[in-house]
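For this chain, numbers begin at 1 and follow the sequence in order.
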Amino acid sequence: MCGIVGIVGRSPVNQSIYDALLMLQHRGQDAAGIVTCDGDGHLHLRKDNGLVRDVFATHHMQRLQGNMGIGHVRYPTAGSSSSAEAQPFYVNSPYGITLGHNGNLTNTQALKRELFEQDRRHINTESDSEILLNIFAQELLRLDGLRIGADEVFAAVRGVHRRCQGAYAVIAMIAGRGIVGFRDPFGIRPVVFGQRETAEGVEYMIASESVALDTLGFSLIRDLEPGEAVYVDVAGNLHTRQCADDPRYSTCIFEYVYFARPDSVIDNVFVHRARMRMGNRLGQKILREWPDHDIDVIIPIPDTGRTVAIEMAHVMGLKYREGFIKNRYIGRTFIMPGQTQRRKSVRQKLNAIAMEFKGKNVLLIDDSIVRGTTSREIVMMARDAGARKVYFASAAPPIRHPNVYGIDMPAANELIAHDRTEDEVCAAIGADRLIYQDLPDLIEAVRKGNPKLARFDCSVFDGDYVTGIGPDYFTALEVRRNDNAKQQREKDYAVLDLHNNA
C-alpha cells in the first residue's frame, strides 16, 4: 500500500507536496520521494528510505523547485525495502516522465518480457511501478509528433488499461507538460482530485485520499471513476476522460476496514461512518448470538479499532474504556517483516493500563486479524494486566487468502485463519471467545454510504479475485511473500545499499 500526490500550482509546490505526504504517511512508512518540475522543464528529485520527516531536510526542499510536482510514500509490496525501489521513478524517453503508483500489477513477468522483446526497454528494479511507468511511456511514444495534449495523454492511458492487469492508482508528471492521474478499470485503489483558489489562480491536487486535500485547503471535486483519467496541463486546464472499455466498481473493502484514515472520504463513503456501521452490525451480532454474555467492558486496540468499539459499546449498552496506550513512534506491525520483529514491536507499541483490566471480563476490538501475532500478544497483555476473561472481536471477517492488489499480506499459509476454523483461530490467539464480522454485514456497512458501489474487492475474505488470477501466480507469490524469503531479500538489499552508499 502506498500514498500518491500530485499538484499543479501557481507558486512553488514543494512544501504543499511535503505536507500532503505527511497526511498520507499511514499508507507507507518505508520510503518517500518528491519530484518537481521548474519553468524550464528541469526535474528535481529527492527520494530515500524512511519517513517523510527524515527523508527531506531543508537543503533538499530548497532544491525541489517548480510549480508542478508529484510525491509518493511507500511500503514494499513488490520489490524490497531497498532505496533503489523508492518512488517516484523516472524515464527520459519520451519527454521525461516521472511516476508514482499505488497498487500491484498481476502480469508483471509477461509485461517485463514484452517491454524487452517488443519495446527494447530495460527494467532495472523488481518494482512493478517501474514496469507501469515504461508501459505508459511506450504508449506515449507510439503517438507521433512532439505535441502532447489531453487527447494524447488519454490515448496513452487507454493503452495502459489494455496491457496492464491488477490494481493501480497512478500519478505521473510529463516534464513541462502537466500531471495525469488514473485509476484501474475496477477502481480497486482510491484516487481523488480537488482544487483551491489562490490570488494567482486555481491550483489542482490529485491524491490517494481526500484528507490530503482537506488539510491543504483544497476542495474535493470527486473521486476518479474506475478506468478514468484526469489531466492538468501546466497552464492549469483540467481535463477528464473515461479511458477503459468496461469499467466497473470493485473498490478494495480493506481500505475502509484498515488502511484509510477515518477522516477521509473514498468513493463518496465517509470512512468514519463506515466504521461506525461496522461496529453497529458487530454489536448486533453479539447480542443476537450471545445474549447472555458476561462482558464487563469494551476496549479498542488503537487506532483503527476505536471507532468500531465506541459504536459497539453504545449498541450493547456496555462501558467503553481506553485500555491501551499507544507509542506513536512505532510503525504498523503487520507491515514489518519477521515474526520476532512483529512480537517485539507490539510490546513497544502498546502498553496496558492495568486498572482497566484487573478482575474484568474484557472484549477487545480490532479492525482485523492477519497473522495473529499481534492479536496473540495483545491477549497475553490483557491477561498479564489482570483480566479475568479476554474475548476478542474483529471488525472484518476471517482473512483466509493473500492480497494481490497492493497490500503486502503474507503467503496464505502464514495467515492465521487459512485452513483454520474460527474456534481454532480463537485457541491460537489464546482468547476465551472470538467473534468475527460477517462478510455481508461488512459489505452493507460500507455500501450504505454509496449504493452505487455494487461490488467490492473482498478477495482476502472470499478468494474471489476480480481481475482473475491463475494458480501459478499464487505459487510464485507464496515463495516471494513468506517471511524467510523477505528476510533474505532484506539482507541482500542491505548489502547493496551499503555498497551504493560507500
Side-chain angles (χ1 to χ4, degrees), residues 1 3 23-24 26-27 102 167 169 183 186-192 207-215 220 222-226 248-286 298 300-316 320 332 334 365-370 393-399 403 405-407 409 435-462 464 466:
M1 188 62 61
M23 294 301 103
L24 299 173
H26 60 287
R27 300 187 70 87
N102 174 31
R183 196 175 183 188
F186 293 95
I188 298 172
R189 294 282 153 243
V191 189
V192 299
S208 291
E209 293 185 33
S210 62
V211 66
L213 280 68
D214 298 339
T215 54
L220 174 66
R222 60 180 176 85
D223 297 80
L224 278 181
E225 297 281 325
R248 65 190 75 175
Y249 266 110
S250 192
T251 306
C252 175
I253 205 164
F254 214 70
E255 289 278 357
Y256 301 95
V257 171
Y258 176 75
F259 263 106
R261 275 180 49 145
D263 45 347
S264 282
V265 183
I266 296 178
D267 290 320
N268 289 325
V269 177
F270 289 86
V271 175
H272 176 70
R273 294 301 298 270
R275 290 176 183 167
M276 288 179 64
R277 291 189 290 267
M278 292 175 204
N280 184 292
R281 289 177 177 271
L282 191 54
Q284 295 287 358
K285 176 181 178 178
I286 294 175
I298 289 180
I301 296 166
D303 285 313
T304 44
R306 183 172 286 120
T307 305
V308 175
I310 291 173
E311 192 65 14
M312 286 182 67
H314 175 73
V315 167
M316 299 178 68
Y320 169 90
R332 288 185 159 186
F334 101 64
I365 313 298
D366 206 352
D367 54 83
S368 58
I369 305 172
V370 184
S394 166
I399 297 174
N403 185 280
Y405 298 128
I407 302 176
M409 288 182 178
I435 306 98
Y436 276 111
Q437 183 88 264
D438 292 331
L439 184 54
D441 283 346
L442 175 61
I443 291 172
E444 286 308 311
V446 179
R447 181 185 287 145
K448 187 173 182 180
N450 181 5
K452 182 180 177 181
L453 302 177
R455 182 181 182 183
F456 294 91
D457 170 51
C458 302
S459 54
V460 296
F461 307 123
D462 60 13
D464 181 11
V466 296

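From L453, atom CG reaches atom CD1 of I443 across 11.5 Å, with rounding to the nearest 0.5 Å. Note that CG of N450 is 5.0 Å distant from CG of N268, once rounded to the nearest 0.5 Å. Rounding to the nearest 0.5 Å places CZ of R189 at 7.0 Å from CZ of R27. Note that CE of M316 and CG of L282 are 8.5 Å apart. Values are rounded to the nearest 0.5 Å. Atom CZ of F254 sits about 15.0 Å away from atom CD1 of I188, to the nearest 0.5 Å. Here CG of D457 is found 6.5 Å from CG of N403. Values are rounded to the nearest 0.5 Å.
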Full working for side-chain contact (heavy atoms from CB on, under 4.5 Å) between S208 and V191: CA-CA 5 Å; S208 291; V191 189; over 6 Å; no

message: Let's go through I369 and S394 carefully: what are the C-alpha distance in whole Å and the side-chain angles of both, what is the deciding distance for side-chain contact (heavy atoms from CB on, under 4.5 Å) to 0.1 Å, and is it a yes or a no?
response: CA-CA 7 Å; I369 305 172; S394 166; 4.2 Å; yes

message: Before you tell me yes or no, could you show the steps for V466 and Y405 under side-chain contact (heavy atoms from CB on, under 4.5 Å), namely the whole-Å CA-CA distance, both residues' side-chain angles and the distance that decides it to 0.1 Å?
response: CA-CA 10 Å; V466 296; Y405 298 128; 4.0 Å; yes

task: Dump the intermediate steps for side-chain contact (heavy atoms from CB on, under 4.5 Å) on E209 and H26, then the final yes or no.
output: CA-CA 11 Å; E209 293 185 33; H26 60 287; 2.8 Å; yes

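In terms of the salt bridge (charged side-chain N to carboxylate O under 4.0 Å, His left out) criterion, E311 has no residue partners (sequence neighbours excluded). Partners of R447 under the salt bridge (charged side-chain N to carboxylate O under 4.0 Å, His left out) rule, at least two apart in sequence or in another chain, are E444. Remark: V265 engages S210, F270 in a side chain to side chain contact (heavy atoms under 4.5 Å, CB included) (not counting sequence neighbours). Among residues two or more places apart in sequence or in another chain, the salt bridge (charged side-chain N to carboxylate O under 4.0 Å, His left out) test is passed with D223 by none. Looking at residues two or more places apart in sequence or on another chain, you find no salt bridge (charged side-chain N to carboxylate O under 4.0 Å, His left out) involving D462.
Applying the salt bridge (charged side-chain N to carboxylate O under 4.0 Å, His left out) rule to pairs touching residues 256-270 yields R183-D267, R261-D263, sequence neighbours excluded.
For the side-chain contact (heavy atoms from CB on, under 4.5 Å) criterion with M278, the lone passing option out of I365, D367, V257 is V257.
Residues L442 and F456 fail the side-chain proximity criterion, which asks for heavy atoms closer than 4.5 Å.
Residues R277 and V446 share a closest heavy-atom pair of NH2-O, 3.9 Å. Between D441 and R281, the closest heavy-atom pair is O-CD, 3.2 Å. Nearest heavy-atom pair, P397 versus Y436, reported as atom, atom and distance to 0.1 Å: C-CD2, 3.6 Å. In terms of heavy-atom proximity, P226 sits nearest to G187 at CB-N, 3.6 Å. Minimum heavy-atom separation, V315 to G283: CG1-C, 4.2 Å.
Salt-bridge formation is detected for the pair D438/K285: a Lys NZ or Arg NE/NH1/NH2 atom is positioned less than 4.0 Å from an Asp or Glu carboxylate oxygen. Ion pair R248/E225 not flagged as a salt bridge, since none of the NZ, NE, NH1 or NH2 atoms sits closer than 4.0 Å to an Asp/Glu carboxylate oxygen.
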